[in-house]
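So the structure is just underneath, and the comments pick up after that.
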Number of protein chains: 2
Amino acid sequence: MDRNSISNQLIKNNIKPSYARIKIMEYLIQQKNHPNVDEIYTELVKDIPTLSKTTVYNTLNLFNEAGLIKVITIEENEARFDADTSEHGHFKCENCNKIYDFFVKLEGIEISGLENFKIRQKDIFFKGICAKCINYINNN
Amino acid sequence: MDRNSISNQLIKNNIKPSYARIKIMEYLIQQKNHPNVDEIYTELVKDIPTLSKTTVYNTLNLFNEAGLIKVITIEENEARFDADTSEHGHFKCENCNKIYDFFVKLEGIEISGLENFKIRQKDIFFKGICAKCINYINNN
DNA sequence: AATAAAAATGTAATTATTACAAATATGTAA
DNA sequence: TTACATATTTGTAATAATTACATTTTTATT
Ligand SMILES: [Mn+2]
Ligand SMILES: [Mn+2]
Ligand SMILES: [Zn+2]
Ligand SMILES: [Zn+2]
C-alpha cells in the first residue's frame with residue numbers, strides 16, 4: 001500500500017491525512033512486527049525530527065477508534081499495534097518475546113453464554129515458546 | 001472451597017499458606033468478578049488492616065507463576081485476575097465495563113501457523129455490549 | 001494577508017507495577 | 001524458652017506507559 005492509497009483510506013474514515021498520520025500508518029503496514037508506541041516513535045523520529053510521542057498516541061487512538069488498526073493487549077505492561085485487522089490470532093513467545101500472527105478460523109466456534117450480546121471484537125492470544133526458540137534450546 | 005482446602009492447594013504448589021495468601025485466594029474464589037489489584041486490596045484491607053498493596057502484587061504473581069490463577073489482560077491499563085483456570089473466554093462490555101465469562105470449546109478449533117510451537121496458554125477476549133446494556137439502551 | 005480550525009508539540013500529571021531495603025513473623029535447633 | 005535462620009510482609013521510592021492540557025505550528029479558507 002503506497003502513500004496515496006493510505007491517504008485515501010484515511011479520508012474515507014474522516015481522518016485528515018497529515019504527514020505524521022500517513023507515516024505512522026505506513027509504518028504499521030510495512031512493519032508486521034506489532035510494534036509498541038516506543039518502537040514506532042523511535043523509528044519515525046529519524047524521518048520526522050519534530051515528532052512527539054503524544055502525536056503517536058493521539059494518532060494510534062484515532063486509528064483505533066476508526067477501526068483501522070487493532071490494539072493488542074497480549075502483554076500486561078504495554079499495548080502493541082497491528083494494521084492487519086483481518087481475523088487472526090497472536091502468539092507471544094515467552095522466551096524471545098516476539099509476537100507471531102497465526103491463522104484461526106473463528107467461524108463455527110462453539111461458544112455459549114453470550115446470547116443477546118453484541119460482539120464487536122474478538123481477540124485470540126496464545127502464549128508459549130516459538131519453534132525457533134524450542135530448536136535453539138534443544139541444541140544448546 | 002474452604003480455608004483448609006485452599007491451604008492444602010497452596011502447599012501442594014510449594015506456596016506456604018500464610019494468612020494473606022489464603023485470604024487473597026479465598027477472595028478470588030468467592031468473587032467471580034475478575035477484580036483488579038485495587039479492588040482486591042481495598043476489600044481485604046478491611047479484614048487485614050496491615051495489608052499492603054505490594055503483598056497483593058507479590059501474592060498474585062506467585063499464584064500466577066504457579067498456574068493457580070490467570071491474569072486477564074483484556075484491558076489496556078490494568079490487569080484483572082481469575083481463580084477459575086478452566087477453559088473459558090472473557091467478554092468485556094464497553095458500556096458497563098463488566099467482564100463476563102463465557103463457555104468456549106477450543107478443542108477442534110482450526111488454526112495454522114503455530115506448527116512446532118509449544119502453546120502454554122490460550123486467551124480468548126471478546127469485546128462489545130452486554131445483553132443488559134443493550135436492553136437498557138433500547139428502553140431509554 | 002488575515003483568520004479560523006485542525007494538528008502537533010512539550011510538559012506535567014496520573015496510574016499501574018516493580019524494586020528494594022527494613023521490619024515482622026515463622027519455624028527449628030539448642 | 002531462647003537464639004537463630006529463613007520466609008513473608010511492609011513502606012517507600014523508582015519505573016514506565018498513558019493521558020491531560022495549554023501552547024505552538026500547520027493547514028485551509030476567505
Ligand atoms: Mn497481527
Ligand atoms: Mn473468568
Ligand atoms: Zn521465541
Ligand atoms: Zn454492559
Side-chain angles (χ1 to χ4, degrees), chain A residues 3 6-7 10-11 13-27 34-66 68-82 92 97 99, chain B residues 6-7 10-11 13-27 34-66 68-81 92 97 99:
Chain A
R3 300 270 168 89
I6 290 174
S7 183
L10 295 184
I11 292 169
N13 287 84
N14 297 313
I15 296 171
K16 295 203 178 170
S18 73
Y19 187 66
R21 287 170 180 173
I22 290 172
K23 292 292 277 185
I24 289 171
M25 180 58 86
E26 187 183 42
Y27 181 77
H34 312 98
N36 60 22
V37 168
D38 203 63
E39 284 161 356
I40 297 167
Y41 171 78
T42 305
E43 192 56 35
L44 291 185
V45 80
K46 295 175 188 169
D47 275 347
I48 319 167
T50 61
L51 185 67
S52 82
K53 221 175 235 188
T54 303
T55 297
V56 178
Y57 275 105
N58 288 343
T59 304
L60 291 169
N61 285 336
L62 198 65
F63 289 171
N64 183 38
E65 278 154 31
L68 294 175
I69 63 170
K70 282 188 127 187
V71 183
I72 300 168
T73 61
I74 198 169
E75 287 170 295
E76 285 163 54
N77 45 338
E78 65 182 4
R80 293 179 164 272
F81 301 87
D82 196 347
K92 184 195 174 189
N97 290 321
I99 291 176
Chain B
I6 290 175
S7 182
L10 295 184
I11 292 169
N13 287 83
N14 299 313
I15 296 171
K16 295 203 179 172
S18 73
Y19 188 66
R21 287 170 179 173
I22 290 172
K23 292 293 276 184
I24 290 171
M25 181 57 86
E26 188 183 42
Y27 181 77
H34 313 98
N36 61 21
V37 167
D38 204 62
E39 283 162 355
I40 297 167
Y41 171 77
T42 306
E43 191 56 36
L44 290 185
V45 79
K46 294 175 190 168
D47 276 346
I48 319 168
T50 60
L51 185 67
S52 82
K53 218 174 238 187
T54 303
T55 297
V56 178
Y57 275 104
N58 288 341
T59 304
L60 291 169
N61 284 337
L62 198 65
F63 289 171
N64 183 40
E65 279 155 28
L68 295 174
I69 63 171
K70 279 188 130 188
V71 183
I72 300 168
T73 60
I74 198 170
E75 288 170 295
E76 284 164 54
N77 45 339
E78 66 183 2
R80 293 179 165 272
F81 300 88
K92 184 194 174 192
N97 290 321
I99 291 177

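Quick caveat, the model's predicted, so the values are computed rather than measured. Residue numbers start from 1 in every chain, and the chains themselves are labelled A, B, ... in the order their sequence lines are given, proteins ahead of strands.
The separation between Tyr19(B) atom OH and dT10(D) atom P is 12 Å, rounded to whole Å. Rounded to an integer number of Å, the gap from Lys53(B) NZ to dT10(D) C1' is 14 Å. For the pair Leu44(B) CG and dT9(D) P, the interatomic distance rounds to 12 Å; values are reported in whole Å. Remark: C1' of dA17(D) and CG of Asp38(A) are 10 Å apart, rounded to the nearest angstrom. Taking atom CD1 on Ile48(B) and atom C1' on dT8(D), their separation rounds to 13 Å, with Å as the unit. Taking atom CD of residue Glu76(A) and atom P of nucleotide dT18(C), one finds them 7 Å apart after rounding to whole Å. As rounded to whole Å, 17 Å separates atom P of dA16(C) from atom CG of Asn58(B). The nearest whole Å value for the distance from the CZ atom in Arg80(A) to the P atom in dT18(D) is 11 Å.
Proximity of Thr55(B) to the phosphate of dT9(D): no side-chain N or O atom is located under 4.0 Å from OP1 or OP2. Of the side-chain N and O atoms in Asn61(A), one or more sit less than 4.0 angstrom from OP1 or OP2 of dT19(D). A sub-4.0 Å separation between OP1 or OP2 of dT18(D) and a side-chain N or O of Tyr57(A) is present. Here Thr54(B) does not reach the OP1 or OP2 of dT10(D): none of its side-chain N or O atoms lies under 4.0 Å away. Taking 4.0 angstrom as the limit, Ser18(A) places none of its side-chain polar atoms (N or O) nearer than this to OP1 or OP2 of dA6(C). For dT9(C), the OP1/OP2 oxygens have a side-chain nitrogen or oxygen of Thr50(A) closer than 4.0 Å.
Remark: of the listed residues Asn36(B), Val71(B), Asn64(B), Ile72(B), Val71(B) is the sole one forming a side chain to side chain contact (heavy atoms under 4.5 Å, CB included) with Phe81(B). For the side chain to side chain contact (heavy atoms under 4.5 Å, CB included) with Thr42(A), the lone residue among Ile40(A), Asp38(A), Leu44(A) that qualifies is Asp38(A).
In this structure, of dA16(C), dA7(C), dT10(D), it is dA7(C) that holds the atom nearest to the side chain of Lys16(A).
If Ala20(B) and Asn77(B) are placed on DNA chain D by their nearest nucleotide, the residue sitting closer to the 5' end is Ala20(B).
Judged purely by atom type and a 3.5 angstrom limit, Thr73(A) uses its side chain to pair as donor or acceptor with the backbone of Thr73(B).
Between Lys53(A) and Val45(A) the shortest side-chain heavy-atom distance does not fall below 4.5 Å.
Rounding to the nearest 0.5 Å places OG1 of Thr55(B) at 7.0 Å from CD1 of Ile24(B).
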